[in-house]
Amino acid sequence: MSSNNLTHAPSRGAYMAAKAAGVQFEVEIVDLFKKEQLKESFLKKNLQHCVPTLEDDGFVLWESRAIASYLVDKYAKDDKFYPKDLQRRAVVNQRLYFDCATFYPRIRAICYPILWLGETEIKESLKKELNISFGHLDQFLGETKWAAGDHPTIADTSLFASVSSILEVGWDISSYPNVQRWVEQCASLPGADENSEGAKMFGAAVRKNLK
Ligand SMILES: N[C@@H](CCC(=O)N[C@@H](CS)C(=O)NCC(=O)O)C(=O)O
């Protein structure tokens, strides 16, 4: 198995945010399946050796959601994807932290052992935990059209990257009608096609190892 950088949800989240910011950029592939992140040249830039890692005119930054907010703040023509209004921004941040600290780690807890540690089944307890988070996401999306209001933001690009990964593993979201509606809407996000392509590669890699 080899990958491009967009196989992994954090990279896809940052990629869609960069597209939303409207900035010109190049994607450099660091193939995790070939351990390329451990090369000396990459470690010099990012001691945590994770993707995505941004280089912007000599400035290096990692953590996909930090990259997303930096790019939109710096390059977007307006603040729609990351509002400057304090409370609207706070809600976007809340959703981003929800994704970073709760939702995506639950997806990772399912997929990482299957991809890298020889697991062939998904534990019931992990299924249950992720579905609790899907329930919360469904409630957020019952209150607003997008994850953090009536316009797409970097909360959507980040959460959609996470959701796309687990959907491609075959997750059943039929109990979450607001999530289903939002997933359809997300096809209109900038970079959604590339996200979908990367998520398919990710899903195939996980499914290949499942019993
Ligand atoms: N919270 C980080 C997670 C980054 C992360 O864990 N990336 C993984 C791929 S999903 C990675 O680079 N793993 C390789 C490694 O850490 O050596 C983010 O959102 O950017």
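Keep in mind it's a predicted model, so treat the numbers as computed, not measured. Every number for a ligand or one of its atoms is a count from 1 in the order of the listing.
- Each of His8, Pro10, Leu32, Gln37, His49, Cys50, Val51, Pro52, Glu63, Ser64, Arg65, Tyr104 has a non-hydrogen atom positioned under 4.0 Å from some atom of ligand 1.
- Ion pair Lys84/Asp73 flagged as a salt bridge, since at least one NZ, NE, NH1 or NH2 atom sits closer than 4.0 Å to an Asp/Glu carboxylate oxygen.
- Sorted by first then second residue, the salt bridge (charged side-chain N to carboxylate O under 4.0 Å, His left out) pairs that include residues 45-55, not counting sequence neighbours, are Lys45-Glu55.
- Panel note: side chain Asn209, backbone Thr120; no donor-acceptor pair is recorded below 3.5 Å.
- Checked against side chain to side chain donor-acceptor pair (under 3.5 Å), Glu119 has no partners two or more places apart in sequence or in another chain.
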Side-chain donor/acceptor pairs under 3.5 Å, residues 126-142, sequence neighbours excluded:
residue : atom : partner : partner atom : Å
Lys127  : NZ   : Glu124  : OE2          : 3.3
Asn131  : OD1  : Trp171  : NE1          : 2.9
Asn131  : OD1  : Tyr176  : OH           : 3.3
Asn131  : ND2  : Lys127  : O            : 3.4
Ser133  : OG   : Arg106  : NH1          : 3.1
Asp138  : OD1  : Asn178  : N            : 2.8
Asp138  : OD1  : Val179  : N            : 3.0
Asp138  : OD2  : Asn178  : ND2          : 3.3

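- Of the possible polar contacts, one joining the Arg89 side chain to the Pro83 backbone as a donor-acceptor pair under 3.5 Å is found.
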